[in-house]
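First comes the structure, then the notes that go with it.
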Amino acid sequence: MPELLKNRYNDESLRALALSINTVYPPFQVDDFVNGIMDETWDGLELKARMRQITINLGRYLPDDYEQALGVIDKIVAGYPEGFNDFTLMCFPDFVEVYGQEERHWNLSMAALERYTSSSSSEFAVRPFIINHEERMMRQMAAWARHGNEHVRRLASEGCRPQLPWGQVLGSFKKDPSPVLGILEQLKADPSPYVRKSVANNLNDISKTHPDLVAKIARDWYGKNSHTDWIVKHGCRTLLKKGNRDVLDILGFADAGCVDVDGFALGAASASIGKEMTFSFNIEAKKAARVRLEYGIDYVKANGKRNRKIFQISELSLKENGKRSYTKTHSFANASTRKHYPGTHSLKLIVNGTERGTLDFEVFDT
């Protein structure tokens, strides 16, 4: 199981951070800083809470004057290459969020968020500024969208995602995403894959509450630029998994009955938690067609109810009478993102957004 992000904040990384600060600002109290962070509450804190605890202690031991404190942080950040993106350094944008929201600090804070995003990302820190000063902050985001640095342009998109993971939900944009659309329009053909991925993720956020709007954007954007086409495809991934007919049509997967399916079968009638199961099927095209193959698992949850998860198998073009055979393996190993429970599960085969077969099977605890 991969290391939890919150565990990157530990005695070693915090002490290294403190020593680097002490090098450029000798009054900084290294031991007091680290001990103040890793107090009796530390083990029970999650990622964002740990970041905030670091920030609060930075405020205790950096200069009281906000501009002087930023001057110290600037010297630390200058020692890292652009794109370093060390998670430990995200406490610096967080420092701006906590201590830099007063009106008198606005220009200092905007400039600092722009500087720090290249090494630690300011995507979380900009969100309270948007919530408290939406129009003013979105003008700033529009300016960042025209910036020469890809990290700053990415911030323009990532920072205004309505439902950024681990970030504050931007409720007004979740309700009405129109202020975000101008940013995405500016960046829809950006030369940087880093920026384009953020634009796609922003679109995907919007699609969860405004699917018709995102389908319209997809239709307007698709087929004019290869960079934009990638954004549309990735940004519509949730809608594709939900079988949205408009999006399937835009991307060339309109014909749900373009192939025959046979031989859909499980390798065994049951699976054990921690083990794998296999299934297989065959397809044959009735005519030349673009085909998107997926499968869904209706998982049993702890409360006995079921929840579906969709997995992509393949996207391909078939000629008339073209055939393919597939054998797939699916793991029931527990992970940080999913815990498995015994009970009757279902496997769904999905072709171009339409279910073409269902198989029930039992999952047992080992």
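None of these values were measured; they are calculated from a predicted model. Side chains included, hydrogens not; waters and symmetry mates left out as well; all remaining heavy atoms used. Numbers here simply count residues along the sequence, with the first being 1.
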**OP:** Please lay out, stage by stage, how Asp365 and Tyr341 fare under the test side-chain hydrogen bond (donor to acceptor under 3.5 Å, both in side chains).
**Re:** CA-CA 7 Å; Asp365 207 350; Tyr341 298 93; over 6 Å; no

**OP:** Would you name the heavy atoms of Asn202 and Ser157 that are closest together and state the gap between them?
**Re:** ND2-O, 3.0 Å

Original post:
So, the side chain of His340 versus the backbone of Ile273: is there a donor-acceptor pair under 3.5 Å, distance only?
Top reply: no

Original post:
With a cut-off of 6.0 Å (strictly less than), are more than 12 heavy atoms of other residues, nucleotides or ligands near NZ of Lys174?
Top reply: no

Original post:
Within the side chain of Ser280, is there an N or O that forms a donor-acceptor pair under 3.5 Å with the backbone of Thr327?
Top reply: no

Original post:
Do Asn22 and Gln29 have side-chain atoms, one donor and one acceptor, less than 3.5 Å apart?
Top reply: no

Original post:
Should we count CG of Asp64 as having more than 12 external heavy atoms under 6.0 Å?
Top reply: no

Subject >> By ring-ring contact (aromatic ring centres under 6.0 Å, His included) - contacts of Tyr25 (at least two apart) >> reply: none

Original post:
Hey, does the side chain of Arg308 reach the backbone of Asp298 with a donor-acceptor pair shorter than 3.5 angstrom?
Top reply: no

**OP:** Compute the centroid of each ring, for His151 and then for Tyr194, and state whether the two points are separated by less than 6.0 Å.
**Re:** yes

Original post:
Within a reach of under 6.0 Å around NZ of Lys197, are more than 12 heavy atoms found that belong to other residues, nucleotides or ligands?
Top reply: no

**OP:** Answer yes or no: is there an ion pair linking Arg153 with Glu150, defined by an N-O contact shorter than 4.0 Å?
**Re:** no

**OP:** Tell me, please, whether Trp144 has Arg139 positioned over its six-membered ring: NZ or CZ under 6.0 Å from the ring centre and within 45 degrees of its axis?
**Re:** no

Subject >> Carboxylate-amine/guanidinium contact Arg15 Asp31, below 4.0 Å >> reply: yes

Original post:
Could you walk me through whether Thr354 and Asn352 pass the side-chain hydrogen bond (donor to acceptor under 3.5 Å, both in side chains) check?
Top reply: CA-CA 6 Å; Thr354 299; Asn352 285 4; over 6 Å; no

Original post:
Is the closest side-chain donor-acceptor distance between His133 and Gln101 under 3.5 Å?
Top reply: no

Subject >> Salt bridge flag under 4.0 Å for residues Glu158 and Arg127 >> reply: no

**OP:** For the pair Asp260 (side chain) and Ile283 (backbone), establish whether a donor and an acceptor sit closer than 3.5 Å, ignoring hydrogens and angles.
**Re:** no

**OP:** Please confirm whether Arg50 makes a cation-pi placement over Trp42, using NZ or CZ under 6.0 Å from the six-membered ring centre and within 45° of the ring normal.
**Re:** yes

Original post:
Donor-acceptor pair, Ser120 side chain versus Thr117 backbone, under 3.5 Å?
Top reply: no

Original post:
What's the verdict on side-chain hydrogen bond (donor to acceptor under 3.5 Å, both in side chains) for Arg338 and Asn307, showing C-alpha distance, side-chain angles and the deciding distance?
Top reply: CA-CA 11 Å; Arg338 182 177 297 112; Asn307 181 60; over 6 Å; no

Original post:
Should Arg219 and Asp249 count as an ion pair when the cut-off is N to O under 4.0 Å?
Top reply: yes

Subject >> Cys91: which of Asn57, Leu17, Ile73, Val98 passes side chain to side chain contact (heavy atoms under 4.5 Å, CB included) >> reply: Leu17

Original post:
Any sub-3.5 Å donor-acceptor pair from His234's side-chain atoms to Arg196's backbone N or O?
Top reply: no

**OP:** For the pair Asn10 (side chain) and Asn7 (backbone), establish whether a donor and an acceptor sit closer than 3.5 Å, ignoring hydrogens and angles.
**Re:** yes

Subject >> Geometric class of the Phe95/Tyr66 ring pair [parallel <30°, tilted 30-60°, perpendicular >60°] >> reply: parallel

Original post:
Under the ring pair (Phe, Tyr, Trp, His ring centres under 6.0 Å) rule, what pairs show up with a residue in residues 266-287, not counting sequence neighbours?
Top reply: Phe279-Tyr295, Phe281-Tyr326

Subject >> Gln312, CD: over 12 other non-hydrogen atoms inside 6.0 angstrom >> reply: yes

Subject >> Short side-chain to backbone donor-acceptor contact, Lys48 and Trp166, under 3.5 Å >> reply: yes

Subject >> Exceeds 12 heavy-atom contacts within 6.0 angstrom, atom NZ of Lys301 >> reply: yes

Subject >> Name of the residue among Lys286, Arg245, Lys287 meeting salt bridge (Lys or Arg N to Asp or Glu O under 4.0 Å) with Asp255 >> reply: Lys287

Subject >> Short side-chain to backbone donor-acceptor contact, Ser207 and Leu239, under 3.5 Å >> reply: no

Original post:
Under the 3.5 angstrom rule, does the side chain of Ser13 hit a backbone N or O of Arg8 as a donor-acceptor pair?
Top reply: yes

Original post:
Would Asp229 and Lys224 count as a salt bridge (charged side-chain N to carboxylate O under 4.0 Å, His left out) if you check the C-alpha gap in whole Å, the side-chain angles of each, and the deciding distance to 0.1 Å?
Top reply: CA-CA 7 Å; Asp229 287 352; Lys224 298 168 185 171; over 6 Å; no

Subject >> Validation row: Ile206, Pro162 side chains within 4.5 angstrom (heavy atoms) >> reply: yes

